[in-house]
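Beneath this line is the structure, given in structure tokens, with notes to follow.
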Amino acid sequence: MALQAIKGFNDILPPATTTWRWVENTFHQLLSSYGFGEIRLPIMEYTELFSRSIGDDTDIVEKEMYTFSDRSNRSLTLRPEGTASVVRAFIQHGLAAAGDIHKLYYVGPMFRYERPQKGRYRQFYQLGAEVFGEEDYHQDAEILIMLARYFHVLGVRSAKLNLNSLGCEKCRPAYRQALQDFLRQHDGQLCTDCRRRLGKNPLRVLDCKRPDCRNIVAGAPKILDYLGADCRAHFDGVTRLLDGAGLDYQVNPLMVRGLDYYTRTTFEFLAGDLGAQNAVAAGGRYDRLVEELGGKATPAIGFAIGMERLTMLVDSASVPGSAPFIYLAALGEKALEMLYPLLHALNQEGIGTVLNYRQKSLKNLMKKADRIKVEYTLIVGDQEMEQGAAILRNMKTKEQQSIPLNTLFASIREVFNGHQNN
RNA sequence: GUGGGUAUAGCUCAGCUGGUUAGAGUGCAGGAUUGUGGCUCCUGAGGUCGAGGGUUCGAAUCCCUCUACCCACCCCA
């Protein structure tokens, strides 16, 4: 059988990588401007970190992790998400003790052993960010407005914000109890999965997709009615700021998260044209996690964006081009030898330049120049070598000018600068 | 883990109820235009028809097994 990549592990080739890089660069730029610093994390952690943070009863930990033993029999896991590692690093490096607010972001691959389908792969990339030490609802809104701006800059209009609050450790138990009591009355009508969830994690019943379950859930108590005064004020603060920013969003009291650590504000950006895996970004507050993992009690909020899903929504036509500026068309050995140093000189100057090494017809070289969408083509053949002047062709206007061979570098640089200023 | 679908040229796909040299578009190479791209036209190269087995005079086509990919469930970014 022919060699191929592992199931669910994909190569990303040009021109898709052009989109990826633009999406990443835009993210770096945006997050930096909001005062976030980049954190680079290991790809593996001790398994315990994930079981303790994500939750032992979650699907991710129960059946979706790449876990194996190293040579000294420690259980290691390829990270299935980024937040756990950021929190671990935050505690390990004493950032909590340093006090103040810490804003961190990361970009990189995550791994989950799931059956691949549209928008879901075993190695997938996330763009994520976390803010530690700020409990104020302004921070929640900042992140949501920043994300909306990000999608706007990328030309992604279809991502719709869904918002909810899961309350805190004070108000959630009461809600959980009320929900459980309600669901128990309708036990018989729930699907087998939901009956199982009922005991351990009743909130997960809320986002079951089966019509029967949805019907029952429609009449269930709503978390938003059970929020304590502080959580209520926090949530109202967030929605007030979103309204003020003119951000479109929908409050969805049925939205819960698959990871156990979330509290208060939770959100998802959903896009219709992504197929079944329609969440392009999601996140929320997790005010208890730092303490639960052994750090000093620190409020926190974060999000993660699915890179593959996001790039599916980005129109490749809106990605800024990065084609070389000039194609050097060398006709004959002498021309090639003369132009070769110019290739490097121009590129060193930041002027994107490519040169052909094979001897082809001018027609063929022009065709290649056209394909890679350069602005100019420089033609040098025997005639030009004899006359001491090359032909510079503007590929858009088709205008051609003669340039003395001994001023090629300076002339091209001048044309390039003129082009930049337009 | 459970369903369903697909697998033919580098890429996207056609190939009717089995029939002899397996096609198209696109891309690639050359030409029409002896040194000027995009449009048009012509020519050419490029295929173990996913793998293995079976039925048959004859299989890309029918049957079985396997593998891979895709979509969906579950779950999630």
Side-chain angles (χ1 to χ4, degrees), chain A residues 1-10 13 54 57-65 79-83 107-128 147 159 191-194 196-197 201 204 207-210 255-259 267-271 274-284 302-313 327 329-332 335 358-385 390-400:
Chain A
M1 187 176 48
L3 246 40
Q4 51 180 300
I6 300 166
K7 180 200 283 282
F9 288 63
N10 300 120
L13 305 168
I54 298 169
D57 298 328
T58 58
D59 280 29
I60 293 178
V61 171
E62 274 183 356
K63 53 186 191 187
E64 294 175 2
M65 296 205 303
R79 61 183 188 187
E81 59 116 37
T83 301
V107 174
M110 307 295 163
F111 305 85
R112 291 184 201 171
Y113 192 86
E114 299 179 272
R115 192 80 165 258
Q117 71 186 65
K118 186 178 171 70
R120 194 178 69 188
Y121 310 101
R122 289 183 172 181
Q123 174 175 334
F124 61 102
Y125 289 76
Q126 287 191 338
L127 311 165
L147 271 174
C191 69
T192 50
D193 284 333
C194 285
R196 183 173 48 77
R197 291 174 184 131
N201 200 346
R204 301 315 308 275
D207 67 351
C208 183
K209 284 176 185 167
R210 291 172 193 276
M255 188 189 69
V256 294
R257 315 285 14 267
L259 292 72
F267 54 87
E268 284 180 353
F269 281 84
L270 303 178
L274 280 179
Q277 311 303 321
N278 62 350
V280 64
F303 67 85
I305 302 169
M307 186 74 179
E308 289 82 358
R309 295 178 189 181
L310 179 56
T311 52
M312 278 192 270
L313 298 173
Y327 188 90
L331 293 165
R358 294 187 186 181
Q359 292 307 318
K360 296 281 191 178
S361 67
L362 180 57
K363 174 194 172 74
N364 190 280
L365 297 179
M366 292 300 293
K367 205 170 172 178
K368 287 199 189 326
D370 184 55
R371 287 282 155 73
I372 58 179
K373 297 193 167 25
V374 291
E375 299 294 333
Y376 285 86
T377 298
L378 185 79
I379 301 166
V380 183
D382 292 342
Q383 288 173 29
E384 287 72 25
M385 293 299 282
I391 299 167
L392 183 67
R393 179 179 176 89
N394 182 319
M395 297 301 276
K396 286 211 179 74
T397 66
K398 300 184 182 184
E399 283 173 288
Q400 298 192 164

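Naming convention: chains lettered A, B, ... in sequence-line order (proteins, then strands); numbering from 1 in each chain. What you see is a predicted model, and the numbers here were worked out from it, not measured in a lab.
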Whole-Å P distance, B/A9 and B/C73: 31 Å
Length of the line joining A/L362:CG and B/G35:P, which is rounded to integer Å: 8 Å
Residue A/K398, side-chain atoms from C-beta onward, closest of B/G35, B/A77, B/G37: B/G37
Sugar-phosphate only, base, or nothing, as touched by A/G119 at under 4.0 Å among non-hydrogen atoms: base
Nucleotide opposite B/U43 in a Watson-Crick or G-U pair, distances under 3.5 Å: B/A29
A/Y125 and A/E308, any side-chain heavy atoms less than 4.5 Å apart: yes
Selected nucleotide, minimal atom distance to A/R309 side chain, candidates B/G35, B/A77, B/G37: B/A77
Sugar-phosphate only, base, or nothing, as touched by A/E81 at under 4.0 Å among non-hydrogen atoms: nothing
Paired nucleotide for B/C62 [Watson-Crick or G-U wobble; both distances under 3.5 Å]: B/G54
Separation between the C1' atoms of B/A59 and B/G19, rounded to whole Å: 10 Å
Among B/A72, B/A77, B/C69, the one nearest A/E308 by side-chain distance: B/A77
Euclidean distance for P, B/A45 against B/G5 (whole angstrom): 39 Å
B/A14 - base-pair partner by Watson-Crick or wobble geometry, distances under 3.5 Å: none
Nearest heavy-atom neighbours spanning A/L313 and A/A271: CD1-CB, 3.7 Å
Those residues of residues 107-116 of chain A lying under 4.0 Å from RNA chain B by at least one heavy atom: A/R112, A/E114, A/R115
Sugar-phosphate only, base, or nothing, as touched by A/R371 at under 4.0 Å among non-hydrogen atoms: sugar-phosphate
pair A/T377-A/L365: side-chain heavy atoms closer than 4.5 Å: no
Touch class at under 4.0 angstrom, heavy-atom based, for A/I379 against every strand present: base
d(NZ, A/K363; P, B/C39) in whole Å: 11 Å
Nucleotide forming a Watson-Crick or wobble pair with B/G1, both distances under 3.5 Å: B/C73
Side chain of A/D370 - closest among B/A77, B/G38, B/G35: B/G38
Base B/G35 to side chain A/E384, donor-acceptor N/O within 3.5 Å cut-off: yes
Any A/K360 side-chain nitrogen or oxygen under 4.0 Å from OP1 or OP2 of B/G30: yes
Nucleotide forming a Watson-Crick or wobble pair with B/U21, both distances under 3.5 Å: none
Atom pair distance, as rounded to whole Å: CG in A/L392 and P in B/U36: 18 Å
Side chain to side chain contact (heavy atoms under 4.5 Å, CB included) between A/N10 and A/Q123, worked out: CA-CA 7 Å; A/N10 300 120; A/Q123 174 175 334; over 6 Å; no
Same-atom distance (C1') from B/U21 to B/A60, integer angstrom: 15 Å
Nearest to side-chain heavy atoms of A/A304, which nucleotide of B/C73, B/G35, B/A77: B/A77
Rounded interatomic separation in angstrom, taking NZ from A/K118 and P from B/A72: 7 Å
Side chain of A/Q383 (C-beta onward), nearest among B/C73, B/A77, B/G35: B/G35
Nearest atoms (heavy-atom pairs only) where A/I379 meets A/M366: CD1-SD, 4.3 Å
Under-4.0 Å side-chain N/O to phosphate OP1/OP2 contact, A/N364 with B/G37: no
Value in whole Å for how far the P atom of B/C74 lies from CD1 of A/I60: 16 Å
Interatomic distance where OH belongs to A/Y327 and C1' belongs to B/G37 [whole Å]: 11 Å
Test item: A/F124 and A/R309 side chains (from C-beta on) under 4.5 Å apart, heavy atoms: no
Identified side-chain contact (heavy atoms from CB on, under 4.5 Å) counterpart of A/P80 within the set A/E114, A/E64, A/M65: A/M65
Nucleotide paired to B/U67 in any strand shown, Watson-Crick or G-U, under 3.5 Å: B/A7
Distance in angstrom units between A/R393 CZ and B/G35 P, rounded: 16 Å
Sugar-phosphate, base or nothing in reach of A/A281, heavy atoms under 4.0 Å: sugar-phosphate
For the student: nearest non-hydrogen atoms of A/F267 and A/G284, plus distance: CE2-N, 3.5 Å
Assigned partner base of B/U34, Watson-Crick or wobble definition, under 3.5 Å: none
Minimum-distance pair of heavy atoms, taken over all atoms of A/E81 and A/Q126: CA-OE1, 4.2 Å
Distance below 4.0 Å between A/Q117 side-chain N/O and B/A72 OP1 or OP2: yes
Interatomic distance where CZ belongs to A/R79 and P belongs to B/A77 [whole Å]: 15 Å
Phosphate-side-chain proximity, A/K7 and B/C70, N/O vs OP1/OP2 below 4.0 Å: no
B/C42 versus B/G47 - spacing of their P atoms, nearest Å: 24 Å
N/O (side chain, A/R120) to phosphate O (OP1/OP2, B/A72) under 4.0 Å: no
Separation of the C1' atoms in B/C11 and B/U34, to the nearest angstrom: 34 Å
Gap separating the CG atom of A/D382 from the CG atom of A/L331, nearest 0.5 angstrom: 8.0 Å
Between B/C16 and B/U61 - P atom distance, rounded Å: 11 Å
Side-chain heavy atoms of A/M395 within contact of A/K373, under 4.5 Å: no
Sugar-phosphate, base or nothing in reach of A/I391, heavy atoms under 4.0 Å: base
P spacing across the pair B/C71 / B/C13, given as an integer number of angstrom: 13 Å
